[in-house]
Amino acid sequence: MDQLSLFQLALIVVLCLGACTGHAALFVVSLNWWYSLPIHRSLLSLLKQLHVLAALAGPALFWLAFGLRLDNALLFSSPGLWHTVLAGYLYICLAVGLIVFPSVTLWRLVRRRPAALLSNHTRMVDVAERLGYRPIGRGKHRLMARLPGNQVFRVDFAERTFCLPQLPPAWDGLSILHLSDLHLCGTPDLVFYQQVMGLCRDWEPDLVAITGDIVDSDMHHRWIVPALGRLRWKEAAFAGLGSHDSWHEPMLVRRRLRRLQIRVLGNSWAEIKVRGERLAVIGHEGPWFLPEPDLSGCPQGVFRLCLSHTPDHIRWAQQHGIDLMLAGHNHGGQIRFPLIGSVFVPSRYSRRYDCGSFHEPPTLLHVSRGLAGKEPVRYNCRPEVTKIVLRRRAL
Ligand SMILES: [Fe+2]
């Protein structure tokens with residue numbers, strides 16, 4: 001094979017990889033966007049199947065139209081309208097696959113953690129090891145929990161310290177236990193949650209914040225009290241509901257939480273005193289529960305803590321002067337690939353706010369990877385509970 005042929009071969013390989021990557025990325029972004037909307041779960045399931053089919057059909061379509069000679073397709077040399085349209089789409093896929101996707105991935109790899117994050121210490125606890133068996137339970141997707149290497153029972157207990165200069169002096173060192181996405185549905189078993197909540201007690205948090213997706217079945221509301229009943233706090237506990245709660249008798253979820261003295265704000269706000277200082281706590285359960293919170297009467301100049309199931313409300317939070325927003329919903333993607341990271345993230349921003357902390361002034365956003373998920377599958381993305389410690393300045 002002469003040098004020109006080798007060049008052509010290399011070009012064809014790059015074009016094929018780029019086109020397939022770009023096509024898949026476009027459909028993943030589309031699916032992520034659909035999953036950020038308040039639509040019925042059966043429609044979401046149908047959309048997921050259609051997107052998977054379309055993602056697989058793309059390479060086949062390119063193959064049927066152009067064979068392997070994608071380089072010829074780029075010249076629009078093929079006859080007919082459909083070939084021309086397909087060649088145009090091929091250009092878009094190549095731009096996404098060879099430029100946009102690698103650039104975004106590289107940016108995600110090299111981006112710095114926000115300066116407001118002073119420290120991040122994580123201790124992993126293997127709950128299955130503690131119990132001496134895997135608490136798989138009897139959930140619908142329990143077989144998935146048995147997959148080799150599945151990290152579903154390996155919980156990260158993360159302690160993150162944030163610097164917020166606007167904090168009242170009395171709150172220096174204030175701690176918040178952030179829990180999200182318990183997805184009570186049979187797998188993991190109740191004992192898993194009881195173990196985790198028992199360990200969270202050792203943190204002795206001032207506040208507890210739960211950011212939704214507490215149940216994921218019509219049968220497991222009865223687990224709320226025995227699971228979360230183990231929690232303790234010094235000042236107050238708050239919770240907001242999420243997308244999966246909205247599908248499973250949300251009033252029942254709210255009632256059970258209130259039985260535990262956990263305040264459920266819905267789409268509203270409340271003012272409390274913490275260490276003698278005023279704190280405005282805002283719940284945002286949109287878009288699954290509407291209307292979104294009205295902050296017209298919420299006092300100005302008071303620290304604003306927002307519990308939002310989805311981090312997609314980050315722009316809303318910035319516009320409403322939220323100091324600290326806690327969110328979940330995205331589960332960190334649940335499966336994170338080497339170098340690439342998360343792929344499926346049910347957000348209008350796709351994987352931008354998949355997990356971690358983001359400082360978008362005036363708002364500091366913390367997105368939990370959550371404790372579980374409807375499908376009990378996690379790779380390179382362990383479940384997480386977080387103790388957030390607030391400081392006025394770096395020590
Ligand atoms: Fe969730």
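Remember, it's 1-based here, ligands and their atoms both numbered in the order they're listed. These values consider heavy atoms only, across backbone and side chains, with no hydrogens, waters or symmetry-generated copies.
Dense packing is recorded around CD of Glu249, with more than 12 heavy atoms of other residues, nucleotides or ligands lying under 6.0 Å away. Within 6.0 Å of the CG atom in Leu339, the count of heavy atoms belonging to other residues, nucleotides or ligands does not exceed 12. The 12-atom threshold is not exceeded at CH2 of Trp34, counting heavy atoms of other residues, nucleotides or ligands nearer than 6.0 Å.
Between Arg108 and Asp354, at least one side-chain nitrogen of the basic residue sits less than 4.0 Å from a carboxylate oxygen of the acidic one, meeting the salt-bridge criterion.
Around the Fe ion (ligand 1), the protein N, O or S atoms closer than 2.8 Å are Asp181 OD2, His183 NE2, Asp213 OD2, His331 NE2, listed by chain and residue number.
Side-chain rings of Phe344 and Tyr35 approach one another, their centers coming within less than 6.0 Å.
Remark: Arg123 is positioned above the aromatic ring of Phe157, its terminal NZ or CZ atom under 6.0 angstrom from the ring centre and at most 45 degrees off the axis.
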